[in-house]
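Below, each value reflects all heavy atoms present in this structure, side chains not excepted, and no hydrogens, waters or symmetry copies. Being a predicted model, the structure only gives us computed values, none of them experimental. Letters A, B, ... are given to chains in the order of the sequence lines, protein chains preceding strands, and every chain is numbered from 1.
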Amino acid sequence: MASGESTPNPEEESGLGRNFITQIIDEHNASGRFDGRVHTRFPPEPNGYLHIGHAKSINLNFGLAEQYGGKFNLRFDDTNPTKEKQEYIEAIIEDVRWLGADWEDRLFYASDYFGQLYEWAVRLIKQGDAYVDHLNADEIREYRGTLTEPGKDSPYRDRSVEENLDLFERMKAGEFDEGECVLRAAIDMASPNINMRDPVLYRILHEAHPRTGTEWHIYPMYDWAHGQSDSIEEVTHSLCTLEFEAHRPLYEWCLEKLGIYQPQQIEFARLALTYTILSKRKLIQLVEEGHVSGWDDPRMPTISGLRRRGYTPEAIRAFTDQIGVAKANSMIEIEQLEHFIRQDLNYSANRVMSVLNPLKVVIENYPEGQVEQLEAVNNPEDESAGTRMVPFSRELYIEQDDFMEDPPKKFYRLAPGREVRLRYGYFITCTDVIKDADGNIVELRCTYDPETRGGHAPDGRRVKATLHWVSVEKALQAEVRLYDRLFSQEDPSKVANGQTFIDVLNPDSLQVIERAYVEPSVQGAEAGTRYQFERLGYFCVDPDSTDEKMVFNRTVGLRDTWAKIQKQK
RNA sequence: UGGGGAGUGGCCAAGCGGUAAGGCAACGGCCUUUGGAGCCGAAGAUCGUAGGUUCGAAUCCUACCUCCCCAGCCA
């Protein structure tokens with residue numbers, strides 16, 4: 001071990017630390033297997049929108065390329081036209097770009113290689129390594145055997161090369177119906193690895209493809225397309241999730257049979273988050289059954305949902321870097337993600353005052369009709385953000401939670417007879433509580449100390465609390481959407497018998513406040529603008545905003561010590 | 001019960017034979033015109049279990065236990 005001296009380690013400077021993948025890459029670099037190249041790719045299937053789990057993969061792949069001075073490709077794995085759509089392709093491109101991964105001019109599609117893939121399949125047939133099978137799907141399953149019993153050869157397995165060539169060409173020409181026959185690799189029906197029991201390479205699909213239209217009637221399976229696509233693009237390290245581990249022998253078999261350049265497949269554990277579902281199938285269901293407003297519903301773990309929610313690419317990258325990458329299945333607590341968006345926004349978001357649940361305050365000794373502009377700091381963490389003016393008047397709104405008629409010990413906000421500070425405003429003292437016929441508090445009468453303008457007391461006296469507020473006359477009315485976790489259970493994929501993840505949806509995941517008040521400085525802010533509503537949390541302007549009514553989404557609340565005290569009781 | 005993987009504090013995760021990094025969470029205190037942020041501090045791990053090798057094991061060996069993945073003409 002080198003002692004003392006701090007030799008700068010490039011790996012420690014980038015966000016990603018060391019992990020089992022960098023270790024493998026280092027070994028390859030040491031042995032010269034890829035001549036020191038590092039070339040990764042992100043290979044999404046365009047059958048849905050990208051989610052935070054994909055962000056882990058994107059940041060990993062792009063991050064490694066960056067870290068080693070290599071290249072990164074974006075390649076669509078578009079081999080199944082029955083599930084894939086152009087809409088998804090476009091959304092995915094937007095999301096990957098937004099996350100900050102740069103594929104430069106290397107945007108590819110597996111469908112770009114359909115011609116080459118077909119030729120290679122012909123080569124396999126000529127080598128006696130593939131055959132056309134007329135067993136139907138059920139029969140193929142039966143012949144495959146089970147986990148503990150070997151399979152048996154298809155009766156069509158020993159067709160002649162000529163016959164196979166002819167049949168395969170006719171498959172391509174569209175002469176057969178879907179399901180009538182398939183092209184299979186001839187490997188080993190007794191292999192303990194089921195994926196090696198003569199896997200299907202091509203199936204017939206009379207379906208229009210988003211990119212190749214009706215040109216093809218046969219489409220390659222993942223196992224036949226993926227490795228060769230990696231090979232064509234000269235990818236060095238082909239990263240995928242754990243469930244493909246058992247496919248690696250097949251990945252390598254294909255490449256070896258073709259005698260072409262062979263990348264290294266490496267598998268890592270996919271991301272799992274508490275109170276979240278990251279299965280594309282289930283996300284599609286949430287959208288199609290209307291449990292959420294769409295793919296970009298701010299409650300969705302999709303990239304577009306997180307974006308609309310107010311998350312930043314920087315926060316997502318910090319998160320994926322920090323959780324690391326390994327081969328152990330694990331579940332990250334959602335709090336970890338929330339930590340990183342708070343951390344980012346704390347430094348980047350301007351502060352603003354907003355009252356969500358208004359309680360009217362009348363300052364009896366403040367002149368009627370008077371409005372003063374008071375200076376407020378935009379961001380205490382960033383002096384360059386400057387200041388703004390906030391209007392103060394005789395009638396204000398404060399948060400209902402900030403007043404208690406009969407406060408417990410640790411509550412040190414406003415109460416009868418108590419003096420508190422209005423942020424950037426004045427010290428006020430509550431003199432009277434006004435209630436309606438049902439005993440609900442509807443208004444507070446207070447007095448203010450003109451000497452405390454801006455929030456400082458010349459005599460040095462102190463107050464325990466500082467409250468946010470808004471001028472009744474000058475405040476903007478806005479809609480505020482408060483989001484909570486979409487599921488009420490930590491692992492929504494593990495539900496009681498007879499239930500599905502739908503049954504465990506959190507009924508309170510969205511709370512809409514139709515009439516919240518925000519200081520006027522936010523007027524006209526464009527969609528996506530992020531703020532910290534002081535003492536409440538981080539919010540961003542939703543695209544639903546109009547000139548008449550702004551709409552804000554709560555990205556995440558501030559850490560709330562008072563709420564914690566209340567919880568402890 | 002075939003094959004392939006994984007088990008390190010509440011949640012992640014370093015570590016690669018020399019005596020357990022870091023992050024999140026939780027806890028105590030300081031500070032504060034956000035009960036935010038920040039700062040300081042303390043606590044928390046017999047490294048799945050049991051054996052073995054070694055002067056020394058989370059790291060090597062053996063056995064066992066638990067969990068995950070594979071029987072789509074999905075990816």
Side-chain angles (χ1 to χ4, degrees), chain A residues 17-19 23 43-45 47 77 79-80 82-83 133 135-137 140-142 144-151 178-184 191-197 199-205 218-219 221-223 225-226 240-249 267 269 274 280-281 318-319 321-340 342-343 346-347 351 353 376-377 380-381 410-413 421-425 427 452 454-457 462-468 532-537 557-565:
Chain A
R18 282 199 56 75
N19 54 57
Q23 202 159 33
E45 184 192 8
N47 66 342
D77 223 330
T79 58
N80 185 357
T82 65
K83 292 186 177 173
D133 195 354
L135 249 29
N136 65 38
I140 285 182
R141 191 180 327 112
E142 282 165 31
R144 188 151 35 219
T146 69
L147 293 178
T148 51
E149 299 159 317
E178 289 188 11
E180 208 174 323
C181 54
V182 293
L183 183 75
R184 288 233 257 172
S191 172
N193 180 347
I194 290 188
N195 298 300
M196 299 298 270
R197 317 237 265 228
V200 171
L201 265 23
Y202 272 94
R203 77 291 216 186
I204 294 167
L205 253 28
I218 54 172
Y219 291 91
M221 300 287 290
Y222 166 87
D223 286 308
H226 206 93
C240 59
T241 43
L242 255 26
E243 64 270 28
F244 292 100
E245 218 149 13
H247 289 247
R248 190 177 352 121
E267 312 84 14
T274 56
K280 264 194 199 172
R281 200 211 99 223
F319 168 74
D321 285 352
Q322 184 55 237
I323 59 174
V325 56
K327 297 197 70 158
N329 279 312
S330 60
M331 186 171 286
I332 310 285
E333 293 174 333
I334 190 76
E335 288 82 357
Q336 181 111 240
L337 212 210
E338 293 176 341
H339 162 77
F340 285 101
R342 285 197 190 99
Q343 180 179 271
N346 177 44
Y347 287 100
R351 272 62 170 172
M353 290 194 284
V377 172
E381 305 294 333
K410 287 186 172 168
F411 181 91
Y412 48 82
R413 274 112 93 146
R421 170 171 39 236
L422 293 181
R423 180 148 234 224
Y424 303 124
F427 284 13
T452 59
H456 307 275
R462 319 189 67 133
V463 288
K464 269 291 246 192
T466 299
L467 272 38
H468 60 277
Q532 183 197 100
F533 285 1
E534 293 222 30
R535 304 210 302 138
L536 297 174
L558 248 27
R559 287 186 63 206
D560 189 343
T561 310
W562 169 240
K564 198 183 288 177
I565 291 168

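- Straight-line distance from the CZ atom of A/R197 to the P atom of B/rA71: 11 Å, rounded to whole Å.
- With respect to the salt-bridge test (charged N to carboxylate O, under 4.0 angstrom), the residues A/E45 and A/K280 do not qualify.
- Between the base of B/rG36 and the side chain of A/E381 there is a donor-acceptor pair shorter than 3.5 Å.
- Regarding contacts with the backbone of B/rA13, a side-chain N or O of A/S330 is found under 4.0 angstrom from either OP1 or OP2.
- Considering only side-chain N and O atoms, A/R18 lies nowhere under 4.0 angstrom from the phosphate OP1 or OP2 of B/rA13.
- Residue-level contact check: A/F533 touches neither bases nor backbone, having no heavy atom under 4.0 Å from any strand.
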Within the sub-3.5 Å range, which N or O atoms of nucleotides 21-31 of chain B have a protein N or O partner, and how far apart are they?
residue	atom	partner	partner atom	Å
B/rG23	O4'	A/Q322	OE1	3.3
B/rG23	N2	A/Q336	NE2	2.9
B/rC24	OP1	A/H339	NE2	3.3
B/rC24	O4'	A/Q336	OE1	2.9
B/rC27	OP1	A/Q568	NE2	3.0

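- At a threshold of 4.0 angstrom between heavy atoms, the contacts of A/I323 are confined to the sugar-phosphate backbone, with no base atom among them.
- Between A/T79 and B/rC74 there is no side-chain N or O to OP1 or OP2 distance below 4.0 Å.
- For the pair A/Y222 OH and B/rC70 P, the computed distance is 14 Å after rounding to whole Å.
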- request: List the steps, then state whether side chain to side chain donor-acceptor pair (under 3.5 Å) holds for A/N193 with A/S191.
  value: CA-CA 5 Å; A/N193 180 347; A/S191 172; 5.5 Å; no

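- Candidate nucleotides B/rC74, B/rA75, B/rG35 were compared by shortest atom distance to the side chain of A/K83, and B/rC74 ranks first.
- Among the nucleotides B/rA14, B/rC68, B/rA75, the one closest to any side-chain atom of A/N329 is B/rC68.
- Ranking B/rG72, B/rG3, B/rG35 by closeness to the A/A246 side chain, first place goes to B/rG3.
- Heavy atoms only, all atoms of each residue included: A/R351 and A/V377 are closest at CB-O, 4.3 Å.
- Look at A/R248 and you won't find any side-chain N or O under 4.0 angstrom from OP1 or OP2 of B/rC70.
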